[in-house]
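Just so you know, ligand 1 is whichever comes first in the structure, and atom 1 is the first atom listed for that ligand.
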Amino acid sequence: MMNFHILTLFPEMVMQGLHTSILGRAVARECISIEAVNIRDYTLDKHGKVDDYTYGGGAGMLMQAQPVYDAWQAVAGRIAVRGAAPGRVIYVTPQGRTFHQKMAQELAREEDLIFLCGHYEGIDERVLEEIVTDEISIGDYVLTGGELPAMVMIDAIARLVPGVLHNTDSAVTESFYDGLLEYPQYSRPEIWHDKQVPPILLSGDHARVDAWRLEQSILRTKERRPDLYEAYCSRP
Ligand code: 4HQ
């Protein structure tokens, strides 16, 4: 059982997205839990304000330290009551290390993970210094908020939690296992738009099917991801 906690100004966005399909079933079967904490619920401002102008000037607003800190304390307190280790706090930011499959595997071993989603121009540095343990980016592009990156990471991590995927093989057989891309796949009918399914896949010879798939994976990786192909060729 793994517990995801998301500190956000848009709890309904992450709850909707993460209770769909496989992750929704994983929540229902209690393989994972997902909690969204609305940072706005923790502001001491009587008008519910959570942002303010930046010292030094410049465009845009910044999320203030107080509501972020108090929202984190509420979550950290509940984790402590369970007697679990304090959860790592992941701040999603383009300034972090770029997320990859090995990081997902490492994070999937934690009992609790806290994701901090910024909005506007970001969050007051002082609260980040006090609570953030990991800064992670999902790639070199600029989004409007941290919710989508948090959802991307949670999806990639949750599917590695034991029991989330029914077919236990699929967590390892897919792209990036072995560092190769996936081979092409086919389903019924045998002929569609004049295109035949590769006959070897209908042969029933599992050894030849496996060899063909590995060959296709290698060819695809060489063609589409020369960086991964180089790493595959020089693996120990
Ligand atoms: N953000 N990977 C949140 C991103 C981002 C990314 C921009 C983070 C806006 C408020 N986060 N701020 N790429 O684009 O993680």
**Asked** Hey, does the side chain of Arg29 reach the backbone of Gly163 with a donor-acceptor pair shorter than 3.5 angstrom?
**Response** yes
**Message:** Ignoring hydrogens and geometry beyond distance, is a side-chain donor-acceptor pair present between Thr93 and Glu135 at under 3.5 Å?
**Reply:** no
**Asked** Do Ser217 side-chain atoms and Leu181 backbone N/O form a donor-acceptor pair below 3.5 Å?
**Response** yes
**Request:** For Ser203 and Pro199, indicate whether the former's side chain and the latter's backbone hold a donor-acceptor pair under 3.5 Å.
**Result:** no
Would you mind writing out a table of all protein N or O atoms found under 3.5 Å from any N or O atom of ligand 1, naming both atoms and giving the distance to 0.1 Å?
| from | atom 1 | to | atom 2 | distance (Å) |
| --- | --- | --- | --- | --- |
| ligand 1 | 2 (N) | Ile138 | N | 3.0 |
| ligand 1 | 13 (N) | Gly139 | O | 3.2 |
| ligand 1 | 13 (N) | Tyr141 | O | 3.0 |
| ligand 1 | 14 (O) | Tyr141 | O | 3.4 |
| ligand 1 | 14 (O) | Leu143 | N | 2.9 |

**Message:** Taking Tyr42's backbone N and O only, do any of them form a donor-acceptor pair with Gln66's side chain (distance below 3.5 Å, no angle check)?
**Reply:** yes
**Item:** Under 3.5 Å donor-acceptor, Arg40 side chain and Gly48 backbone
**Value:** yes
